[in-house]
Amino acid sequence: MSPLEIIIVDDGSTDDTRAVANRARQDGLVDMVICHGTRCGRSAAINAAARFASGDLLFTIDADTVLERDAIARLAHAFNDPRVAGACGNIAIRNERASLWTGLQSVEYMMSISAGKSILDVVGAIACLPGACSMYRRDVFARQGGLDVGPGEDLEFSLRLRPRLSGPLCARCLG
């Protein structure tokens, strides 16, 4: 499965992100590039892309996230259940052996994200769809007004979704 459209938001970067993104658009690899002249933040970047997106599903990913080959298709599959408003991938640290800090971060992610989400998923109680790798129904995202500005926007949005859903927030998270 390939995505219908790819939108890149350059949120006030100071490196060559804008040039690389525009080159990708010129080469037909990207459908749209949105450039914020100054840093507006992750929420504003995702909300800007969501305004222009035309597909049924929104997939959000951080610039430093690396996906497994079938990750997007596996996430999209969760939406076969019409009650699912959002789904998330499992996040792991790729460079866990690079330093003591990345090693500790890897343990934290394994305990709080991987194991925690696996257990919570069994009882349909996942509380947060992490911003680094999540997918939402576009119509639900828009009805909820998108992400609020500020830290913890992924948790805040996930909690906003829960009371309005009659089913699971996330079908099986990618493991």
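Heavy-atom basis, side chains included; hydrogens, waters and symmetry copies ignored.
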Backbone N/O of [Y] and side chain of [X]: donor-acceptor pair under 3.5 Å:
X: D10; Y: S13; value: yes
X: R138; Y: S54; value: yes
X: D81; Y: R83; value: yes
X: R18; Y: C35; value: no

Spatial distance of atom [atom1] ([X]) from atom [atom2] ([Y]) [nearest 0.5 Å]:
X: L155; Y: D148; atom1: CG; atom2: CG; answer: 11.5 Å
X: F157; Y: I46; atom1: CZ; atom2: CD1; answer: 10.0 Å
X: S43; Y: D11; atom1: OG; atom2: CG; answer: 10.0 Å
X: R160; Y: R143; atom1: CZ; atom2: CZ; answer: 12.5 Å
X: R137; Y: Q144; atom1: CZ; atom2: CD; answer: 13.5 Å

Contact summary for [X] and [Y], nearest pair of heavy atoms:
X: L58; Y: A50; answer: CD1-CB, 3.8 Å
X: H36; Y: A48; answer: NE2-CB, 3.9 Å
X: C133; Y: L67; answer: SG-CD2, 3.9 Å
X: F79; Y: V84; answer: CD2-O, 3.5 Å

*Same cluster for I7 and F141 if Ile/Leu/Val/Met/Phe/Trp/Tyr side chains link at under 4.5 Å?*
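Result: no, two separate clusters.
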_Is there a continuous path of hydrophobic side-chain contacts, each under 4.5 Å between heavy atoms, that joins V33 to V9?_
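Not linked; separate clusters.
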*Identify which one of D154, N47, D62 satisfies the side chain to side chain donor-acceptor pair (under 3.5 Å) criterion when paired with R42.*
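Output: one option passes, namely D62.
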*Determine the sole option in V30, D31, N22, V20 for which the side-chain contact (heavy atoms from CB on, under 4.5 Å) test with I8 is passed.*
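So, applying the side-chain contact (heavy atoms from CB on, under 4.5 Å) to I8 and each of V30, D31, N22, V20, only V30 qualifies.
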*Taking M135 as the fixed residue, which of I61, T60, I72 is the one that meets the side-chain contact (heavy atoms from CB on, under 4.5 Å) rule?*
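Considering I61, T60, I72, a side-chain contact (heavy atoms from CB on, under 4.5 Å) with M135 is found only for I72.
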*Evaluate the side-chain proximity of L129 to Y136: yes if any heavy-atom separation is below 4.5 Å, no if none is.*
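In short, these two side chains touch, coming nearer than 4.5 Å.
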*Just wondering, more than 12 heavy atoms not from D139 lying within 6.0 Å of its CG?*
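More than 12 within 6.0 Å, yes.
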_Within the supplied structure, the quantity of interest is the number of heavy atoms (other residues, nucleotides, ligands) at a distance under 6.0 Å from H77 NE2; does it exceed 12?_
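Atom NE2 in H77 is not packed in, count stays at 12 or less.
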*asked:* Under the criterion side chain to side chain contact (heavy atoms under 4.5 Å, CB included), I'd like the reasoning laid out for S134 against F59: C-alpha separation, chi angles, the key distance, then a yes or no.
replied: CA-CA 6 Å; S134 291; F59 176 63; over 6 Å; no
